[in-house]
Amino acid sequence: MDLLGEEAREAVRRALQEDLGQGDVTSSGFLPKEASCRAEILAKERGVVCGLPVVQAVFREVSQESLQMEWAREEGALVEAGATVLSVSGPAAQILAAERTALNFLQHLSGVATLTRRFVERIDGTGARLLDTRKTLAGLRSLEKYAVRRGGGANHRVSLGDHVLVKDNHLALLKAAYPGSWSKELGLRADRIRRLRPLVRVEVEAQSLEEVAELRSLPLDLLLLDNMSVEELQRAVRIVDGRMRLEASGGVSLENVRAIAQTGVDFISVGALTHSAKAMDFSLRVALS
């Protein structure tokens, strides 16, 4: 769990507080105090397992180390329906108290990793890299981006401070302030940022092929080509001609991602990896021990 950082540990604590409330009145009222059991978490469908360290952290937070856990699959492994991914044994009340929170994390993160793997497989061999976005659930960004990496994707910026991304709203304000010379002003500001913070990448959204041509000579690291057709992306690649890297985004799906990758862009960013991933189904089954 230390691998995932304090944000993940805090997410576990918040989730347990939300779920347990004043305590598990069902288990405390109906289970013998001495009841113990062994439980297994099973995959109910094919997918990429992600979140086992978080599951482990959930059980430990509830049990203060009185539960014994064993991974049956490696993190990031592709499993089939019916596969056991983790077993846990110890006081039954503690296992059941942690069950829903543990499964919620595992199902969501595995869903993100599974969807990411599907996209990565679609663009295999094209040279393009798959990126996530900041379209994440509040408080779960580091975990969701971790899941993207486990699925074979790469992370775009984690926060606004990671690298410069001048998008449509920034450009609208810049164009209003500097009509007729906005691209020159943008270039001056980009150059200043690169000198002051040389490790920070500078990326600008091009809203048309005309803007691609206007921006290609500026001191930028990347151009963002948002909601362009495959034909427009192909033309943009030819216009830029290797002067900077290109990122395609907007309207990307499993059906069209390979065609987008084959245009020659360097990166494809997909918000759906985190905001629309379907949860992978898991269940916990217990037996008396």
Side-chain angles (χ1 to χ4, degrees), residues 46-50 74-79 109-136 141 144-158 162-168 201-218 220-278 280:
R46 188 174 191 266
V48 177
V49 178
C50 182
E74 293 295 324
E75 183 84 331
L78 181 65
V79 301
L109 297 178
S110 296
V112 171
T114 298
L115 182 58
T116 300
R117 180 72 59 86
R118 293 179 68 192
F119 272 96
V120 168
E121 289 173 348
R122 292 292 177 93
I123 65 175
D124 183 48
T126 65
R129 295 190 68 191
L130 185 75
L131 302 177
D132 56 21
T133 70
R134 285 168 41 250
K135 296 176 182 179
T136 56
R141 180 169 295 171
E144 291 181 337
K145 284 182 173 283
Y146 164 77
V148 167
R149 297 195 302 274
R150 283 297 184 179
N155 297 147
H156 205 284
R157 58 182 182 166
V158 175
D162 287 349
H163 86 252
V164 172
L165 178 49
V166 182
K167 296 200 69 179
D168 52 355
R201 293 176 297 171
V202 179
E203 180 175 9
V204 176
E205 178 180 349
Q207 298 174 296
S208 65
L209 292 174
E210 290 72 26
E211 288 191 359
V212 170
E214 189 166 2
L215 296 171
R216 65 179 177 176
S217 60
L218 298 184
L220 308 176
D221 297 295
L222 298 102
L223 277 185
L224 174 63
L225 310 173
D226 196 31
N227 287 302
M228 289 192 180
S229 67
V230 168
E231 292 73 24
E232 288 173 321
L233 292 172
Q234 291 171 331
R235 291 176 62 187
V237 170
R238 290 195 296 269
I239 291 169
V240 171
D241 194 26
R243 291 178 176 87
M244 60 189 68
R245 291 176 294 175
L246 299 175
E247 174 190 342
S249 72
V252 182
S253 66
L254 287 167
E255 290 68 36
N256 66 15
V257 68
R258 186 165 185 86
I260 292 172
Q262 290 173 329
T263 64
V265 296
D266 302 282
F267 304 103
I268 303 173
S269 54
V270 181
L273 299 180
T274 51
H275 72 59
S276 296
K278 174 184 173 293
M280 181 176 167

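It should be emphasised that the depicted structure is a prediction, and the values quoted were computed from it without experimental measurement.
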Test side chain to side chain contact (heavy atoms under 4.5 Å, CB included) applied to Phe119 and Arg258, step by step: CA-CA 9 Å; Phe119 272 96; Arg258 186 165 185 86; over 6 Å; no

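- Using a 4.5 Å cut-off on side-chain heavy atoms (C-beta onward), Leu130 and Leu273 make contact.
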Which pairs would a plain distance check flag for residues 109-118, meaning a side-chain donor or acceptor within less than 3.5 Å of a matching protein atom at least two apart in sequence or in another chain?
| residue | atom | partner | partner atom | Å |
| --- | --- | --- | --- | --- |
| Ser110 | OG | Cys50 | N | 2.9 |
| Ser110 | OG | Cys50 | O | 3.0 |
| Ser110 | OG | Leu106 | O | 2.8 |
| Thr114 | OG1 | Val48 | N | 2.8 |
| Thr114 | OG1 | Ser110 | O | 2.7 |
| Thr116 | OG1 | Val112 | O | 2.8 |
| Arg117 | NE | Gly151 | O | 3.3 |
| Arg117 | NH2 | Gly76 | O | 3.1 |

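- Nearest heavy-atom pair, Glu74 versus Val49, reported as atom, atom and distance to 0.1 Å: O-CB, 4.5 Å.
- Asn227 pairs by the side chain to side chain donor-acceptor pair (under 3.5 Å) definition with nothing, not counting sequence neighbours.
- In this structure, Asp132 contributes its side chain and Val148 its backbone to no donor-acceptor pair below 3.5 Å.
- Taking Gln234 as the reference, nothing meets the side chain to side chain donor-acceptor pair (under 3.5 Å) condition, with sequence neighbours excluded.
- Checked against side-chain contact (heavy atoms from CB on, under 4.5 Å), Ala259 has the following partners two or more places apart in sequence or in another chain: Val230.
- Inter-residue side-chain proximity for Leu131 and Asn155 is flagged as unmet; no heavy-atom pair is nearer than 4.5 Å.
- Note: Glu231 CD to Leu209 CG = 11.0 Å, rounded to the nearest 0.5 Å.
- In this structure Arg134 satisfies the side-chain contact (heavy atoms from CB on, under 4.5 Å) test together with Arg141, Arg157, Leu160, sequence neighbours excluded.
- A donor-acceptor pair under 3.5 Å is formed between the side chain of Arg216 and the backbone N or O of Ile239.
- Annotation: salt bridge (Lys or Arg N to Asp or Glu O under 4.0 Å) contacts involving residues 202-211, sequence neighbours excluded, comprise Lys175-Glu211.
- Checked against salt bridge (charged side-chain N to carboxylate O under 4.0 Å, His left out), Asp226 has no partners two or more places apart in sequence or in another chain.
- Counting only heavy atoms from C-beta outward, the side chains of Thr136 and His275 never approach each other to under 4.5 Å.
- Under the rule for a salt bridge (charged side-chain N to carboxylate O under 4.0 Å, His left out), the partners of Arg46 that lie at least two apart in sequence or sit in another chain are Glu80.
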Donor-acceptor contacts, no H, no angles, side chain residues 261-270, under 3.5 Å, sequence neighbours left out:
| residue | atom | partner | partner atom | Å |
| --- | --- | --- | --- | --- |
| Thr263 | OG1 | Ile260 | O | 2.6 |
| Asp266 | OD2 | Leu246 | N | 2.8 |
| Ser269 | OG | Glu247 | OE2 | 2.7 |

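- With contacts defined as side-chain heavy-atom distances shorter than 4.5 Å, the pair Leu224/Val204 does not qualify.
- For Ser253, the side-chain contact (heavy atoms from CB on, under 4.5 Å) test picks out Glu255, Asn256, with sequence neighbours left out.
- Partners of Glu214 according to the side chain to side chain donor-acceptor pair (under 3.5 Å) rule, which considers only residues two or more places apart in sequence or in another chain, are Ser183.
- Nearest approach of Val164 to Val166, heavy atoms of both residues: CG1-CG2, 3.8 Å.
- Residues Met228 and Val212 come closest through the heavy atom pair CE-CG2, 4.1 Å.
- Of all heavy-atom pairs spanning Ala236 and Leu225, the tightest one is CB-CD1, 3.8 Å.
- Within the 3.5 Å criterion, the main-chain N or O of Asp221 finds no donor-acceptor partner in the side chain of Arg201.
- Listed by chain and number, the residues in a salt bridge (charged side-chain N to carboxylate O under 4.0 Å, His left out) with Lys167 amount to none (sequence neighbours excluded).
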